[in-house]
Structures are given as structure tokens and as C-alpha cells.
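What you are looking at is a predicted structure, and each value in this text was computed from that prediction instead of being measured. Every chain is numbered from 1, with letters handed out A, B, ... down the list of sequences.
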Amino acid sequence: MPENVPLTWEEVAQTHGRKIYNFAYRLTGNPYDAADLAQEVLIRVQRGLANYTPGSFEGWLWRITRNAFLDDVRRKKRRPTSALPEDLDRTELASSPAPDDVLASIRLGDDVQKALLGLPYDFREAVVLCDIIGLSYEEIASATASPVGTVRSRIHRGRKMLREVLA
Amino acid sequence: MKLHVGELASAYLDGETTAEESARVVTHLERCEACRSEMADLHAARSALRALPILELPVTVMADLGLLPDVIPLRRRPVVWAAAAAAAVAIFVGGATLAAPTTVGIPLNDVSNQYEQQVRIDPGLTTPVGVLTERGAE
């Protein structure tokens with residue numbers, strides 16, 4: 001591993017694994033897909049760290065995350081039969097009544113999560129990276145390969161749409 | 001009246017405006033009811049997103065990669081990990097019987113004890129665990 005790498009793979013996994021998982025969960029609404037994706041991203045990070053050159057680490061990490069997510073979406077589009085019924089079952093699991101504070105906590109944000117899933121991808125991604133992951137506009141621009149002005153616009157429009165749905 | 005603040009409103013909430021833009025927003029809001037109302041709406045949407053619980057990374061993800069689980073203290077209360085932890089235990093238990101137990105990277109007993117509570121509470125977990133295992137084996 002090159003000397004200029006600021007973090008080891010283990011450190012990246014431990015400090016960013018949860019963020020990657022939360023990103024994936026909020027974009028898909030599905031804990032199983034999110035877990036698969038988090039794993040895939042960490043594997044790509046391990047491969048990529050050798051070629052990582054110092055710069056915006058967040059931007060680099062989120063570009064990998066985003067690419068893995070989009071690859072996954074494309075793959076699922078090619079195999080549409082297996083994805084849907086299972087996903088519906090899993091959604092039911094999260095919303096089925098159970099006397100348990102863990103499931104109750106998931107339900108707490110259910111309306112917001114549903115509204116989020118209704119947003120066009122670019123807007124959903126922008127608000128998730130901004131409001132849930134806590135990236136700056138600059139970092140989001142780097143992660144999504146978009147100008148900062150575009151990021152600004154997406155966050156704004158995403159929030160407006162959310163508000164209309166939730167109001 | 002000058003142009004409404006539009007996209008500047010969200011950027012202003014995020015502290016992503018220049019000093020000049022911020023001044024423009026503040027001045028405009030003082031005399032524009034519509035923009036004040038929109039600002040309140042944007043703030044509400046932003047707060048709703050920020051109030052979403054931070055979910056724990058399922059222990060299976062780290063364990064499958066041969067890594068120890070995250071040891072950094074949580075910023076907010078964990079939520080979704082119960083299902084994943086149960087899956088992890090099921091996989092570990094399965095792994096212990098099917099494969100060599102010595103390959104398990106983290107102490108099996110600790111994980112089992114720690115998540116015992118959550119394992120019992122959710123009878124519906126059997127199906128997703130199967131799904132997760134199959135996918136993991138792909």
C-alpha cells in the first residue's frame with residue numbers, strides 16, 4: 001500500500017461503512033440491498049486504495065459508492081423478475097406490527113423514506129448526501145461529477161418536492 | 001420587488017451562500033411573505049431528513065469482509081441492525097456447522113449473546129436471512 005494513503009482499508013470500512021450503508025438504505029429503502037451495496041463498495045475501496053491519490057477523499061469515496069449503486073440499479077433492470085416480489089415482502093417485514101422498539105424506530109421515518117423514494121434519482125441522491133450523510137455542496141459536486149450550481153438546484157428542488165408530499 | 005430568493009433559500013439554510021448572497025436573502029425575507037413561507041417549508045423538509053435515524057451497518061457486512069465491526073461510538077441511536085444482527089447470528093451459526101468454525105473472524109459467543117434479544121423478537125426473519133445468504137454466496 002502506498003505511503004500517501006491517509007487511511008487503511010480497515011479504517012475506511014470502520015469510519016465510513018455505516019455512512020455508505022445509510023446512503024444505500026435511504027436511496028433504496030431496502031436494508032438487504034443496502035447491505036449488499038455497502039459490501040460491494042468496501043470491496044471496491046479496497047481495490048481502489050492502491051491507486052488513490054491525495055485529494056478529496058470524500059469525493060473519491062462517494063464516487064465509488066455512487067458508481068456501485070448505479071451499476072447495481074442497471075444490473076437489476078436487466079433482471080427485473082427476481083427483484084420485485086421479494087422486495088415487497090421485505091418492505092412488509094419492516095412495516096408489520098411487532099412489539100419492538102427497533103421496528104418502531106424504523107417506522108418513525110417511514111413517511112419521509114417513502115417520500116424520498118418518490119423523488120427523481122438526482123434529487124434523492126443530492127438530498128441524501130446533503131442532509132443524511134452531511135456532505136458539503138462542494139463534496140457532493142465532486143461525488144456526482146456535477147457543477148456546484150447543479151447540486152444547489154437539486155437539493156433545493158428535492159426538498160421542495162419532499163415538502164409537498166409530506167405537507 | 002426584487003427577484004424571489006429561489007434556490008438561494010436552501011443554500012442559505014445550509015450555510016452554502018456567499019456573504020453577499022446571504023445579505024440578499026435576509027433583506028428579501030424581511031419584506032416577502034411568500035419567501036418566508038417557502039423558507040419555512042424548506043426548513044421543515046430539511047429537518048425531516050435530518051431527523052431520520054442513522055442505521056447501524058449490519059455486522060454481516062464487516063464479518064463477511066473479515067473485518068471487526070465498527071467500534072466508533074454512535075452519533076445517534078442505532079435502529080435497523082436488529083434484523084441484520086439476527087441474520088449475522090444465523091449465518092454464523094450456519095457457518096459454524098457447515099464450514100470450519102475457526103474461520104469465523106469475531107468471537108461467536110459474544111455476537112450471539114449481544115444480539116440474543118433481537119434474534120428472538122422477529123419470527124419473520126427466516127425468509128430474508130435465506131435471501132441474504134444466497135446473495136452472499138453469489
Could you state whether Ile133(A) and Leu13(B) fall into the same hydrophobic cluster, counting links through intermediate Ile, Leu, Val, Met, Phe, Trp or Tyr residues with side-chain heavy atoms under 4.5 angstrom apart?
no
Run the side chain to side chain contact (heavy atoms under 4.5 Å, CB included) test against Ala115(A) and tell me which residues pass, sequence neighbours left out.
Leu162(A), Val165(A), Leu166(A)
Set of residues satisfying side chain to side chain donor-acceptor pair (under 3.5 Å) with respect to Arg46(B), sequence neighbours excluded
Asp14(B)
Would you say Tyr12(B) and Val151(A) are hydrophobically clustered, going by side-chain heavy atoms of ILVMFWY under 4.5 Å?
no
Where do Gly149(A) and Glu7(B) come nearest, in terms of heavy atoms and distance?
O-OE1, 4.4 Å
Separation of Asp64(B) CG from Leu42(A) CG (nearest 0.5 Å)
11.0 Å
Taking C-beta and beyond as the side chain, do Gln39(A) and Leu65(B) meet within less than 4.5 Å on heavy atoms?
yes
Non-hydrogen contacts under 4.5 angstrom with chain B: give the residues of residues 135-144 of chain A involved, or none if there are none.
Ser136(A), Tyr137(A)
Give the cluster check for Met161(A) versus Leu8(B): same hydrophobic cluster or not, with ILVMFWY residues linked at side-chain heavy-atom distances below 4.5 Å.
no
Tell me, please, which residues at least two apart from His156(A) pass ring-ring contact (aromatic ring centres under 6.0 Å, His included).
none
Please determine whether the number of non-hydrogen atoms from other residues, nucleotides or ligands lying under 6.0 Å from atom CZ of Arg63(A) exceeds 12.
yes
Any chance you could measure Leu49(B), atom CG, to Arg159(A), atom CZ, to the nearest 0.5 Å?
7.5 Å
To the nearest 0.5 angstrom, please state how far the CZ atom of Arg154(A) sits from the OG atom of Ser10(B).
14.5 Å
Flag the pair Leu55(B) / Arg18(A) as yes when at least one side-chain heavy-atom distance between them is below 4.5 Å, and no otherwise.
no
Closest non-hydrogen atom pair, Pro53(B) against Asn22(A):
O-OD1, 4.0 Å
Look at the side-chain heavy atoms of Ile, Leu, Val, Met, Phe, Trp and Tyr, link any pair under 4.5 Å apart, and say whether Phe69(A) and Leu117(A) land in one connected group.
no
Exam field: side chain Arg152(A) to backbone Glu16(B), donor-acceptor pair closer than 3.5 Å:
yes
Is it true that Val127(A) and Leu42(B) fall in one hydrophobic cluster, defined by side-chain heavy atoms closer than 4.5 Å?
no
Can you say whether Ile20(A) sits under 4.5 Å from chain B via the side chain, the backbone, both, or neither, judging by heavy atoms?
neither
How long is the span from the CD1 atom in Ile54(B) to the OH atom in Tyr25(A), to the nearest 0.5 Å?
12.5 Å
Which heavy atom of Ala35(A) sits nearest to which heavy atom of Val61(B), and what is that distance?
O-CG2, 3.6 Å
